[in-house]
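Accompanying notes for the structure given below.
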Amino acid sequence: MKVVYEDNHIIIVHKESGEIVQGDKTGDRPLSELVKDYIKEKYQKPGAVFLGVVHRLDRPVSGLVVFARTSKALTRLNKMFADGEVHKTYWAIVAMKSEEKEENKWKEVTHWLVRNEQQNKSYAYDHEVPRSKKAILRYRVIGHSDRYQLLEVNLLTGRHHQIRCQLAAIGSPIKGDLKYGARRSNPDGSISLLSHKVEFIHPVSKEKIEVTSPLPDDILWHNMKNN
């Protein structure tokens, strides 16, 4: 865990792949508890530390996670996320597609996703089907290597596994994402999806907050961004 921004109302941290944001059935210690420990120690707070979870990242995904340090910030951030006022930018490494070598050209993709709770997986359809929810994202190519492309992705809706599912549906599964069609796993069990940037108006001070995440400690990420 690395703290990238903090004030009296908000703390933003970089989550490593493999960490869980909130406690689950695995019983593993979640990121939220690590952040509470950090706040308690740094500010020498007696008793319980308040920390509100306003959004999550899948366990194999790395990048920025926003937490609320006060109940006022939690209420306002929850509404901002629900209203689409928090803008998140993701980076994803996917297999090279020869027809998409042109960089910096935005494309918009629409599917209807059906979530399977038992499999913890979503399925994409090109038309509306029962129990489906409309999913829209925009992406562009911003870097490449000999075998992979680096995509910048913006979500226009917020659905379960949306980026993973939709990129797989267009033939570009995320590197390491076996659940959605990648050919092999990453050695560390991660998938090559990064919550790279978050932008919003501070719910209390009303100042603009714009934070970027460090790249994963993987030479492929650094080489692709430099190409």
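The existence of a salt bridge linking Arg59 and Asp28 is confirmed by a sub-4.0 Å separation between a basic side-chain nitrogen and an acidic carboxylate oxygen. Salt-bridge annotation for Arg164 and Asp58: present, with a side-chain N of the basic residue lying under 4.0 Å from a carboxylate O of the acidic one.
For the pair Tyr90 (side chain) and Leu155 (backbone), a donor-acceptor distance under 3.5 Å is absent. Under the 3.5 Å distance criterion, the side-chain polar atoms of Thr75 are matched with a main-chain donor or acceptor of Ser71. Although no hydrogens or angles enter the test, the distance criterion places no donor-acceptor pair under 3.5 Å between the side chain of Gln149 and the main chain of Gly143. The closest donor-acceptor contact from the side chain of Asn116 to the backbone of Gln118 lies under 3.5 Å. The closest donor-acceptor contact from the side chain of His55 to the backbone of Val66 lies under 3.5 Å.
Hydrophobic clustering (side-chain heavy atoms under 4.5 Å, transitive across Ile, Leu, Val, Met, Phe, Trp, Tyr) groups Met224 together with Trp221. Hydrophobic clustering (ILVMFWY, side-chain heavy atoms < 4.5 Å, transitive): Leu57 and Val3 are in one cluster. Hydrophobic clustering of Ile, Leu, Val, Met, Phe, Trp and Tyr side chains at less than 4.5 Å, counting indirect connections, keeps Ile12 apart from Ile20. Put simply, Val13 and Leu34 are part of the same group of oily side chains (I, L, V, M, F, W, Y) that touch within less than 4.5 Å, one to the next. Leu64 and Val86 end up in the same hydrophobic cluster when Ile, Leu, Val, Met, Phe, Trp and Tyr side chains are linked at under 4.5 Å.
Contact record, Val204 with Arg76: CA-NH1, 3.9 Å, taken as the closest heavy-atom pair. Residues Ala124 and Ala169 approach most closely at CB-CB, 3.8 Å, considering heavy atoms. A pairwise comparison of heavy atoms in Val94 and Ser172 identifies CG1-O, 3.3 Å as the closest pair. Annotation for Pro216 and His222: closest pair O-NE2, 3.3 Å, computed over non-hydrogen atoms. Closest of all the heavy-atom pairs between Ser213 and Gly63 is OG-CA, 3.9 Å. The two residues Ile174 and Ile163 have their closest heavy-atom pair at CD1-CG2, 4.2 Å.
More than 12 heavy-atom neighbours from other residues, nucleotides or ligands sit within 6.0 angstrom of NZ on Lys206. Other residues, nucleotides and ligands contribute at most 12 non-hydrogen atoms within 6.0 Å of the CG atom of Asp217. Lys133 NZ: 12 or fewer foreign heavy atoms inside a 6.0 Å radius. The number of heavy-atom neighbours closer than 6.0 Å to CD of Gln22, taken from other residues, nucleotides and ligands shown, is above 12. Within 6.0 Å of CD on Glu41 lie no more than 12 heavy atoms contributed by other residues, nucleotides or ligands. Atom CD of Glu207 has 12 or fewer heavy atoms from other residues, nucleotides or ligands within 6.0 Å.
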Task: Verdict with supporting geometry, Leu220 and Tyr148, side-chain contact (heavy atoms from CB on, under 4.5 Å) - done: CA-CA 9 Å; Leu220 180 60; Tyr148 297 101; 4.1 Å; yes
Open item on the list: Evaluate Asn8 against Thr70 for side-chain hydrogen bond (donor to acceptor under 3.5 Å, both in side chains), listing each step before the verdict.
Closed with: CA-CA 8 Å; Asn8 290 337; Thr70 63; over 6 Å; no
TODO: Tell me, with the steps shown, if Arg69 and Ile39 meet side-chain contact (heavy atoms from CB on, under 4.5 Å).
DONE: CA-CA 9 Å; Arg69 289 191 56 195; Ile39 293 171; 3.8 Å; yes
- [ ] Applying salt bridge (Lys or Arg N to Asp or Glu O under 4.0 Å), run through Arg29 and Asp37 and close with a yes or a no.
- [x] CA-CA 12 Å; Arg29 200 149 193 269; Asp37 289 347; 2.8 Å; yes
- [ ] Could you walk me through whether Glu16 and Lys2 pass salt bridge (Lys or Arg N to Asp or Glu O under 4.0 Å), step by step?
- [x] CA-CA 9 Å; Glu16 299 291 344; Lys2 179 180 181 181; over 6 Å; no
Open item on the list: As a quick check of understanding, evaluate side-chain contact (heavy atoms from CB on, under 4.5 Å) for His87 and Asn154, giving each step before the final call.
Closed with: CA-CA 8 Å; His87 304 287; Asn154 289 328; over 6 Å; no
- [ ] Give the C-alpha distance, both sets of side-chain angles, the deciding distance and a yes or no for side-chain hydrogen bond (donor to acceptor under 3.5 Å, both in side chains) between Ser145 and Asn223.
- [x] CA-CA 8 Å; Ser145 67; Asn223 286 348; over 6 Å; no
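Using cut-offs of 30° and 60° on the angle between ring planes, the pair His196 and Trp91 is parallel.
Side-chain contact check for Glu33 and Tyr38: no donor-acceptor pair (N or O, by modelled atom type) lies under 3.5 Å. Side-chain N/O atoms of Thr157 and Gln162 include a donor and acceptor closer than 3.5 Å.
Paired with Ile10 under the rule side-chain contact (heavy atoms from CB on, under 4.5 Å), one option of Leu77, Ile209, Val211 passes, and it is Leu77. Partner of Ser122 under the side-chain hydrogen bond (donor to acceptor under 3.5 Å, both in side chains) criterion, chosen from His161, Lys179, His160: His160.
In this structure, CG on Leu194 lies 11.0 Å from CD on Glu152, to the nearest 0.5 angstrom. Atom OG of Ser185 sits about 11.0 Å away from atom CG of Asp177, to the nearest 0.5 Å. Lys134 NZ to Trp112 CH2: the interatomic distance, rounded to the nearest 0.5 Å, is 5.0 Å. Between Phe50 atom CZ and Lys45 atom NZ the span is 11.5 Å, to the nearest 0.5 Å. Note: Asn186 CG to Ser17 OG = 8.0 Å, rounded to the nearest 0.5 Å. Rounding to the nearest 0.5 Å places CG of Leu150 at 6.0 Å from CD1 of Ile93.
Using a 4.5 Å heavy-atom threshold, the side chains of Ile11 and Leu51 count as touching. In this structure, His202 and His9 have side chains that are in contact, with non-hydrogen atoms separated by less than 4.5 Å. A 4.5 Å side-chain heavy-atom check between Ser195 and Val65 finds every atom pair outside the cut-off. Counting heavy atoms from C-beta outward, Lys15 and Met1 have side chains that stay 4.5 Å or more apart. Taking 4.5 Å as the limit, some side-chain heavy atom of His144 sits within range of a side-chain heavy atom of Met96. Within the 4.5 Å cutoff, side-chain heavy atoms of Glu210 are placed close to those of Glu199. The shortest distance between side-chain heavy atoms of Ile142 and Leu151 does not fall below 4.5 Å. Between Leu156 and Leu137, every side-chain heavy-atom pair lies at or beyond the 4.5 Å cut-off.
Cation-pi geometry between Arg115 and Tyr123 is not met: the NZ or CZ atom fails to fall both under 6.0 Å from the ring centre and inside 45° of the normal. Taking the centre and axis of the six-membered ring of Phe200, the NZ or CZ atom of Lys208 falls outside the cone set by 45° and 6.0 Å.
When ring centroids are compared, His111 and Tyr125 stay outside the 6.0 Å threshold.
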